[in-house]
Amino acid sequence: MSPTDSDSDHNKELLCFVLRLGDSTLIASQRLAEWAGIAPTLEEDIAFANVALDLLGQARHLLSYASQLEGKGQSEDDLAFLRDVNQFYNYTIVEIPNGDFAQTCAKMYLFTTFLMLLWDHIARGADQELKAIAQKSINETKYHIEHFGGWLIRLGNGTTYSADRLKEAFEYTWPYVSEFFSPDPCISRLAPTIEIDLAVVQNLWLEEISPTFLAAKLPTIEISRFISNGKIGLHSEHLGHILAEMQFLQRAYPGGRW
Amino acid sequence: MSPTDSDSDHNKELLCFVLRLGDSTLIASQRLAEWAGIAPTLEEDIAFANVALDLLGQARHLLSYASQLEGKGQSEDDLAFLRDVNQFYNYTIVEIPNGDFAQTCAKMYLFTTFLMLLWDHIARGADQELKAIAQKSINETKYHIEHFGGWLIRLGNGTTYSADRLKEAFEYTWPYVSEFFSPDPCISRLAPTIEIDLAVVQNLWLEEISPTFLAAKLPTIEISRFISNGKIGLHSEHLGHILAEMQFLQRAYPGGRW
Amino acid sequence: NEREVEFNGHIAEGNFVEPADWMPERYRKTLIRQMSQHAHSEVVGMLPEGNWILRAPTLKRKAILIAKVQDEAGHGLYLYSATETLGVDRENLYEDLLAGRAKYSSIFNYPTLNWADVGVIGWLVDGAAIMNQVPLTRCSYGPYARAMVRICKEESFHQRQGFDLLLQMMQGTHEQKEMVQDAVNRWWWPSLMMFGPEDKDSVHSDESKAWGIKRISNDELRQSFVDATVPQAELLGITLPDPDLKWDENTGHYRFGKIDWDEFWRVVSGDGLCNRDRIATKKAAWREGAWVREAAQAYARNLSNNGGKHER
Amino acid sequence: NEREVEFNGHIAEGNFVEPADWMPERYRKTLIRQMSQHAHSEVVGMLPEGNWILRAPTLKRKAILIAKVQDEAGHGLYLYSATETLGVDRENLYEDLLAGRAKYSSIFNYPTLNWADVGVIGWLVDGAAIMNQVPLTRCSYGPYARAMVRICKEESFHQRQGFDLLLQMMQGTHEQKEMVQDAVNRWWWPSLMMFGPEDKDSVHSDESKAWGIKRISNDELRQSFVDATVPQAELLGITLPDPDLKWDENTGHYRFGKIDWDEFWRVVSGDGLCNRDRIATKKAAWREGAWVREAAQAYARNLSNNGGKHER
């Protein structure tokens, strides 16, 4: 294999990983934005918008970098608005429905705690571009974890009703967590640029969430045998509906200036 | 004005009316189809699908005729899938959300009873093409009215809860009725081909619904001062979301064969 | 047991068993399980296809799809009615489904991800269903056999429509062809799994065979399906996702690769991508429809109390 | 009343009134009504624009729109807080809104129907709001005036973003230009109505003027808005939907056509296209959020009872 081949292969893996992160943050942001104007309090309207904006900002950096890696002259918008379901590589958990407030907080907590570990690894890696994005994102993600984690604790220790809702939310969202740690050709080929050992990450993650779970009175559960596969482009039925709405204008009015 | 001009003017009014009917039946069908697989009983799954199919069939005839009148070589599908919100001319009532079962039955009852009166007038009119569509549709519409009217009576005389739901459904849907009878340049210019006097139609309609309202224990209400304007292309915010989903494939994959 | 011997003889002579006839309890139980599972499959099967009604790309295809989903509701209804002739109650059967006590065809736990999935479900899934069901038209239990005659007729119609949809798309744009191939890649193996475990691992089969409930083995049916489908795939111009698939001159059959039975069992036991969503959707619909069903019952009661007139 | 004379003098000298200061009851009531109505408008105003967040055509525009809707929530929050300094409770004020006892700006009862509406709301609606609000930065009630300084700054930013959005679209395709024109056609007259009834029909105004709550009359503000906006419309290349609009050399102002006050009153009194939907959306959100707010309160109570530690 010539050096160039190896370079381009590496580029392909990196592209896959960057798209994964870009799509995950984009779809997470899109879902959160569904709450605009209908959160339980005005403070929460602001907080959710804040998180949605942070995630969207991350998505834009990531998708811009992805288009650079791809080298086909596509923009962040081309990637966001002109790919169909099977070309999206987000983790499935970000595309599942918001459900009630507890379910939104649960999935966002599970996702952002995992994302944080990815940022940590990226920040210690050798890809300068991605490193810069990670460094910027770490503080944001810290705030997201605190925010959603704080709600888990409040709901788990609020009323009987809120504790029940929280438990139901976890039953629904938890199975999607196994996708974080399932065999991942894309991540495994990132080394040595970025070294991510998913078995290690899984342990770190379980440690990370454990105090919050304890404080929120949530039972610790085993990683489910259920495995979703959005990260390799095999999604749930939900993503198609998200994209139909998200991409409408770009699809209906090609060549427009916005 | 030359005979040709007058012909083409008349064509324009007729086109507007045919699109109005075509869009109304299409969007009503699309909304009903949202119930697929989740109706309160299997029998109702079948019945709703039946009505959705009838309405879709009517829409196809109407939109085919509209494209013929338009004479630009567009197909029924071009009209259904490539127009945006302000080019749709359906009555607003068919685009409002389904809400619960009572709300769906309420709006469908209000719409189909009105539609029936239009078919009646069309069937007595001079446009042969439209007449044929009306004659075919009258029996279907009769069944729709019976079906939804039957549910109004059942819900109104079922449990206290169902009677309350029905009343709420009417509070929400009723204001959209005034659009049926509000000044309508398109209908008023159809004469002498088709003679529709909306003041007369309003009275006929109130007479038509009155026994069902009585049997369903619904209060008779005055036509509301609220006036929606979907019929002239000024819609509620709901239609855009319906179209984003409905038109996705045609927009995303232009030039496809389906 | 003399009655049982007589019963078996009756069946062996090719006669139907009717609801009023005496039957062994295990025969009844087996039929209830199989028929209600079949009914549940129709009813859950409305969801993956229903997922595309609102996005159908032409009005004609939308009409075909609504009609198909409606047929599935109809099949569910016949099958529940046929099962009720065995002395069970439809509502209880349905609640078994919602509570996870009863199964439905695992195929519906796979998601529909692009429009071609609608065609592929018609072509492969309905195709496999027909292969499974045609022998049931000669099943020993009369009401089931008769329901199957009607259902198989409609299913063949659906299968042709599905194939036609794919044929159209294969004459379309490059992207459309890719959609079809993508859908076939995802549905091929699950379709083969629809015939159930390999004969060596299959329970129930011997007794069912004796009773004429199950006339042809899983592996035989699967082989017939593969043999019938490969030429259709060639006609379509798609590639079936099995590198081991090839014609075997000696046997006169297509050989095919190893089925991933781990996946099969994972999905059967509840961990397919859509198991949770399907049941959650049906549960929510049932719960949200409760007040409507109650109102209809209350109304019917009032009506019969008042000699057919509702109060004014 | 001696105190009232002193109070009026204080205001006349251009001083601020602060929460701890004595104030006439009518002054307090007027401010509560106006400030809470203003807060409600921000909060309801999130909906028509929020309607397009999920469909924003570029990621940059999506970010701008989310940030804008977030700012509106922020404005709502300042304004409720500022109103609370007058001795009322935010939750009660909000419930007045939901129960239809309190008003909000009627402009938000018009639907957003195409993407250009988002730009036009920024340009015209925020433009009119700024015109109304800049004088309030010099309002006699300190907390309101200070909130207005911050809000006006952000609103100007939104207005520029809206104008920029439209400018982009006007350099785009023919269809995009049509969208902009369509949006302007729908929003122009309602924007003019934002300044309220003509001076001859306006209540409250005299007293409000004396108290420095209302410094410039409705008609004067409306005229300033028209004068400022017409040249911008020309810059954009769109036509304002008023055949009577023309420059008047003598007065140095643009003359404009007759406003449809029937429509204004119909919308104010609840019969605009979106009045029902807006309040229904907010009511449903408030109802569905109740258990979350209760849980947060219960948690806070437990925490303070346990000296800051939640039980494990």
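The figures here come from the full heavy-atom set of this structure, side chains too, leaving out hydrogens, waters and symmetry mates. Proteins get letters first, then strands, A, B, ... in listed order; numbering begins at 1 in each.
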>> Using a 6.0 Å cut-off, check whether atom OH of B:Y143 has over 12 heavy atoms from anything other than its own residue.
In response: yes
Is chain C contacted by the side chain of [X], its backbone, both, or neither, given a heavy-atom distance below 4.5 Å?
X	result
B:A102	both
B:W35	neither
B:N50	both

Work out which heavy atom in [X] is nearest to a heavy atom in [Y]; give both atom names and the distance.
X	Y	value
C:N302	B:G158	ND2-O, 4.3 Å
C:T173	B:P254	CG2-O, 4.3 Å
B:A49	C:I66	O-CG2, 3.8 Å

Is any side-chain heavy atom of [X] less than 4.5 Å from a side-chain heavy atom of [Y]?
X	Y	result
B:W258	C:W115	yes
C:L59	B:L26	yes
C:I53	B:E34	no

I'd like to know which of [options] tops the heavy-atom pair count under 4.5 Å against chain C.
options	result
B:R60, B:M246, B:R251, B:Q250	B:R60
B:L53, B:T159, B:D100	B:L53
B:T160, B:I242, B:I38	B:I38
B:L63, B:I46, B:D45, B:L155	B:I46

Please list, in residue-number order, every residue in [range] that has a heavy atom less than 4.5 Å from any heavy atom of chain B; write 'none' if there are none.
range	answer
residues 96-114 of chain C	none
residues 87-94 of chain C	C:R90
residues 278-298 of chain C	C:T281, C:K282, C:A285, C:W286, C:G289, C:W291, C:V292, C:R293, C:E294, C:A295, C:A296, C:A298

Side chain, backbone, both or neither: which part of [X] has a heavy atom under 4.5 Å from chain B?
X	answer
C:R55	both
C:Q70	both
C:V43	side chain
C:M179	side chain

> Measuring from C:Y299:OH to B:W151:CH2, what's the distance to the nearest 0.5 Å?
Replying inline: 11.0 Å
> How long is the gap from CD on C:E72 to CG on B:L42, to the nearest 0.5 Å?
Replying inline: 11.0 Å
> Counting distance only, does the side-chain N/O of B:Q30 pair as donor-acceptor with the main-chain N or O of C:L54 below 3.5 Å?
Replying inline: yes
> Residue by residue, which of residues 72-81 of chain B have a heavy atom closer than 4.5 Å to a heavy atom belonging to chain C?
Replying inline: B:E76, B:D77, B:A80, B:F81
> When only pairs under 4.5 Å are counted, which of C:L77, C:L166, C:V69 shares the most heavy-atom pairs with chain B?
Replying inline: C:L77
